[in-house]
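Below: one structure, written as structure tokens.
Order of appearance sets the numbers: ligands from 1, and atoms from 1 within every ligand.
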Amino acid sequence: MAETLVITGESRQEKYEQLLPQIAALVAGERDLTANLANIAAALRQTFGFFWVGFYLVKENELVLGPFQGPIACTRIAFGKGVCGTSWKEAKTIVVPNVDEFPGHIACSSDSKSEIVLPAVVGGNVKLVLDIDSDRLSDFSDVDAHYLDQLMKLIASLY
Ligand code: SME
């Protein structure tokens, strides 16, 4: 396996189209979940330059910080709290165009302006969430939700 990404597309959609098969190939050769999540976080940040990309894993009754790329972040998030805890509770994708307008948003960094969080659901249970933060307002659209949802299905298949 070549440990390089080849992304030539210019639009975000083109980049996702190129990135997702490469992530699938990357994780196909490795069975360790932590290793795969670490590379997925790196691949997303490397491709799109997002401010923060990472995973929070469901452990006992809270979310615990997992592999990520970016500045240091909050380590534990309670069920139903913040964007991540809400995505876990509702088992659904949440797009936040302006974090200051999301009630209960947990600010790990004041540089984060918008955010998308998606759950990986296995057998009806949320196993983890992917959290991506941008330093730009309204940085996430249906395009991100669509392709990242495909990524979450791939991640769910790793369990
Ligand atoms: N903003 C998130 C917390 C995690 S950090 O953004 C990395 C939330 O409200 O759940």
Side-chain angles (χ1 to χ4, degrees), residues 5 7 12-13 15-16 19-20 22-23 26-27 30 32-156 158-159:
L5 294 174
I7 306 291
R12 202 171 276 187
Q13 179 167 355
K15 289 181 179 180
Y16 278 119
L19 178 62
L20 289 185
Q22 293 181 68
I23 287 179
L26 194 59
V27 302
E30 173 54 58
D32 186 89
L33 182 66
T34 304
N36 284 328
L37 296 179
N39 262 342
I40 291 169
L44 287 168
R45 190 153 192 251
Q46 187 179 326
T47 299
F48 299 105
F50 293 129
F51 176 70
W52 195 92
V53 180
F55 295 95
Y56 282 92
L57 286 79
V58 175
K59 293 191 177 175
E60 295 167 1
N61 208 27
E62 58 189 350
L63 291 173
V64 181
L65 183 63
F68 72 97
Q69 293 271 314
I72 60 168
C74 332
T75 54
R76 290 173 189 265
I77 298 173
F79 185 69
K81 298 294 180 191
V83 188
C84 293
T86 303
S87 174
W88 174 21
K89 183 178 180 184
E90 298 180 2
K92 70 173 197 192
T93 296
I94 300 180
V95 177
V96 182
N98 180 349
V99 296
D100 289 338
E101 294 176 357
F102 186 94
H105 170 260
I106 299 165
C108 295
S109 166
S110 58
D111 289 334
S112 175
K113 305 288 186 222
S114 60
E115 183 164 1
I116 184 170
V117 179
L118 305 95
V121 184
V122 180
N125 296 314
V126 175
K127 293 292 198 182
L128 58 76
V129 299
L130 167 63
D131 179 16
I132 305 181
D133 288 24
S134 172
D135 56 9
R136 296 190 294 155
L137 285 167
S138 302
D139 201 14
F140 301 103
S141 71
D142 290 348
V143 170
D144 300 280
H146 171 75
Y147 287 102
L148 292 172
D149 184 58
Q150 291 183 16
L151 177 63
M152 299 318 286
K153 290 190 167 73
L154 173 67
I155 292 169
L158 300 175
Y159 278 85

Which of the atoms of ligand 1 are close to [X], meaning less than 4.0 Å from one of its heavy atoms?
X: Gly82; value: 9 (O), 10 (O)
X: Trp52; value: 7 (C)
X: Val83; value: 8 (C), 9 (O), 10 (O)
X: Cys108; value: 3 (C), 4 (C), 5 (S), 7 (C)
X: Cys84; value: 8 (C), 10 (O)
X: His105; value: 1 (N), 9 (O)

Looking at every non-hydrogen atom in both residues, tell me the closest pair between [X] and [Y] and how far apart they are.
X: Phe140; Y: Asp133; result: CZ-C, 4.2 Å
X: Leu137; Y: Ser114; result: C-OG, 3.9 Å
X: Lys15; Y: Ile7; result: CG-CG2, 3.6 Å
X: Asn36; Y: Glu30; result: ND2-O, 2.8 Å

* Would a 4.5 Å heavy-atom cut-off, applied to side chains only, mark Ile94 and Phe102 as touching? -> yes
* Starting from atom 6 (O) of ligand 1, locate the nearest protein heavy atom and write down its residue, its atom name and how far away it is, to 0.1 Å. => Asp133 OD2, 2.8 Å
* Asked: In the protein, which heavy atom is nearest to atom 2 (C) of ligand 1, and how far is it?
  -> Glu115 OE2, 3.1 Å
[X] N/O under 3.5 Å from ligand 1 N/O:
X: Tyr56; result: no
X: Cys74; result: no
X: Lys81; result: no

Side-chain donor-acceptor pairs under 3.5 Å in residues 65-79, sequence neighbours left out?
{"from": "Arg76", "atom 1": "NH1", "to": "Glu62", "atom 2": "OE2", "distance (Å)": "2.6"}

* Heavy-atom distances under 4.0 Å are what count here, so tell me which part of Asp131 touches ligand 1: side chain, backbone, both or neither. => side chain
* Which bit of Ile106 gets closer than 4.0 Å to ligand 1, counting heavy atoms only: side chain, backbone, both or neither? -> both
* Asked: More than 12 foreign heavy atoms under 6.0 Å from CG of Asp32: is that the case here?
  -> yes
* Assess whether salt bridge (charged side-chain N to carboxylate O under 4.0 Å, His left out) is satisfied between Arg12 and Asp144, documenting all intermediate values. => CA-CA 8 Å; Arg12 202 171 276 187; Asp144 300 280; 3.1 Å; yes
* Asked: Side chain of Lys92, backbone of Lys89: donor and acceptor closer than 3.5 Å?
  -> no
